[in-house]
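On a predicted model such as this, the values are computed, not experimentally measured, just so you know.
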Amino acid sequence: MNIQMHHTWKLPIAFLSLAFIISCGNKQSQQQQQAPAAIPVSVDTVQRIMAAYYDEYPATTAALEEIDLRAQVSGYVTGIFFKDGAKVQKGQNLYSIDAQVYNANMQQALANLQVQETNLEKAAKDAERYHELDRQDAIAKQQVDYADAALAAAKRQVEAAKAAVNSLQANVQFTRIKAPFSGTIGISQVKIGTSVVAGQTVLNTISSDDPIAVDVSLDQKEIYHFMQLKQHPDARKDSLFRLAFGDDVYPYPGWISLLDRAVNPQTGTIKMRLVFPNGKGMLKPGMNGTLRVRHSADEP
């Protein structure tokens, strides 16, 4: 009776041990299945490079050449030969002013010149004849003197007539207003039929645009440094002088053109002018931006 009870008690213990072993085995198997996969990594070689930083200066773009076109004669505008904002070439006709009065005045001046030249020819012949008579002692000396004086006066009259013709001829030419240099012309300030006054009425403004200038103000303490940068071998490379507008950086580099003649004694600053290529017309005179000047350990 005691023997049967002993075996009956061991049997449940054996089953519990087997269940525990199976459970542990399943947990280990699940942990092995859930283990994360290996992450691939790449290895780069660390290289030593020259560190660079930038100094920034407020900058303003400006045209290297700019001029207000003004009428040199008074009259009415009779022609406009360009489109506002267009590229113009040196010598191109831009405006015409009524030339009728100036042409008439010039024709009158030419006629007067012919009269004076005729008078000069007559005075020259008279003087020559009187001098011949004087050599023969057949005329009074006073008559010869009068003839010489008349000849000299006739010469001066011809010179004055020629000067008048040149002046009026210039006025006729001034009725045609031409581009003094190649560049971009602005919006016309006058229309056909507008009355203009010589030397006062501004017709338009023309400015060069390629290359374009960029002006910055430097503290006088920086003059020596920038003179060195001007002579630096990288002065025209794309990493030394850049122009930025906010987060946008102008894609073409510039270079130092000049430093102004003298320091402003009131502000202690000097103007420096750089030049940037502008073949695509991305820069316009009067823009405000930032000049970025690269510095590195290899600078002078």
Side-chain angles (χ1 to χ4, degrees), residues 51-72 85 88 90 179-189 197-300:
Y53 62 95
Y54 294 88
D55 286 339
E56 296 185 344
Y57 301 83
T60 303
T61 58
L64 290 175
E65 293 183 278
E66 183 174 292
I67 189 172
D68 290 336
L69 299 175
R70 297 177 185 268
Q72 293 180 272
V88 296
K90 181 178 180 180
F181 51 81
S182 298
T184 301
I185 196 166
I187 299 174
S188 180
Q189 302 300 304
V197 179
Q200 297 184 21
T201 307
V202 176
L203 308 178
N204 210 321
T205 301
I206 183 172
S207 60
S208 62
D209 46 23
D210 184 27
I212 197 167
V214 173
D215 294 335
V216 299
S217 292
L218 301 176
D219 188 280
Q220 59 184 356
K221 297 177 182 178
E222 298 181 284
I223 292 177
Y224 178 72
H225 174 66
F226 277 93
M227 289 300 294
Q228 287 184 305
L229 288 180
K230 184 179 180 182
Q231 304 301 325
H232 195 276
D234 290 339
R236 293 202 176 202
K237 291 185 178 180
D238 60 358
S239 58
L240 197 53
F241 299 105
R242 304 303 293 265
L243 188 61
F245 301 93
D247 295 332
D248 297 325
V249 179
Y250 185 62
Y252 304 103
W255 59 91
I256 297 175
S257 173
L258 58 90
L259 270 75
D260 205 354
R261 177 189 59 82
V263 174
N264 186 327
Q266 296 180 347
T267 62
T269 61
I270 189 171
K271 180 185 289 187
M272 180 177 68
R273 170 160 287 184
L274 298 96
V275 175
F276 282 77
N278 192 33
K280 296 184 178 180
M282 299 171 66
L283 300 178
K284 301 293 183 182
M287 296 174 66
N288 294 318
T290 302
L291 177 69
R292 301 180 66 193
V293 182
R294 183 182 65 82
H295 289 271
S296 64
D298 63 344
E299 285 190 2

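Between A62 and I212 the shortest heavy-atom distance is O-CG1, 3.2 Å. In terms of heavy atoms, M287 sits closest to M282 at SD-O, 4.1 Å. Taking every heavy atom of both residues into account, A59 and L291 meet most closely at CB-N, 4.0 Å. For the residue pair V275 and S257, the shortest heavy atom distance occurs at CG2-CB, 3.5 Å. Residue A63 comes nearest to S207 through the heavy atom pair CB-CB, 3.7 Å, listed as atom of the first residue, atom of the second, then distance. When all heavy atoms are compared, the tightest approach of V88 to A179 is CG2-CB, 4.2 Å.
Residues satisfying the salt bridge (charged side-chain N to carboxylate O under 4.0 Å, His left out) test with R273, not counting sequence neighbours, are D215. Y252 meets the ring-ring contact (aromatic ring centres under 6.0 Å, His included) test with Y250; sequence neighbours excluded. Taking the side-chain hydrogen bond (donor to acceptor under 3.5 Å, both in side chains) definition, one finds that S182 meets it with Q89, sequence neighbours left out. By the ring-ring contact (aromatic ring centres under 6.0 Å, His included) test, F245 is found to be paired with no residue, residues two or more places apart in sequence or in another chain being considered.
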What do the steps show when you test I67 against F181 for side chain to side chain contact (heavy atoms under 4.5 Å, CB included), and what is the final call? CA-CA 10 Å; I67 189 172; F181 51 81; 3.8 Å; yes

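In this structure, Q189 CD and T205 OG1 are separated by 7.0 Å, a value rounded to the nearest 0.5 Å. The CZ atom of F226 sits 11.5 Å away from atom CD1 of I270, with the distance rounded to the nearest 0.5 Å. Expressed to the nearest 0.5 Å, how far CG of N288 lies from OG1 of T60 amounts to 4.5 Å. Taking CE of M272 as the start and CG of L229 as the end, the distance is 8.0 Å to the nearest 0.5 Å. Atom CG of residue L218 and atom OG1 of residue T269 lie 8.5 Å apart, to the nearest 0.5 angstrom. The OG1 atom of T201 lies 12.5 Å from the CG atom of L69; values are rounded to the nearest 0.5 Å.
Residues V293 and F241 meet the side-chain proximity criterion, which asks for heavy atoms closer than 4.5 Å. The shortest side-chain heavy-atom distance between L274 and L243 does not fall under the 4.5 Å cut-off. Counting heavy atoms from C-beta on, the side chains of P180 and K90 never come closer than 4.5 Å.
Note on residues 245-266: no pairs pass salt bridge (Lys or Arg N to Asp or Glu O under 4.0 Å), not counting sequence neighbours. Residue pairs meeting the salt bridge (Lys or Arg N to Asp or Glu O under 4.0 Å) criterion with at least one partner in residues 61-72, sequence neighbours excluded, are absent.
Judged by distance alone, the side chain of N278 and the main-chain N or O of L283 form a donor-acceptor pair under 3.5 Å.
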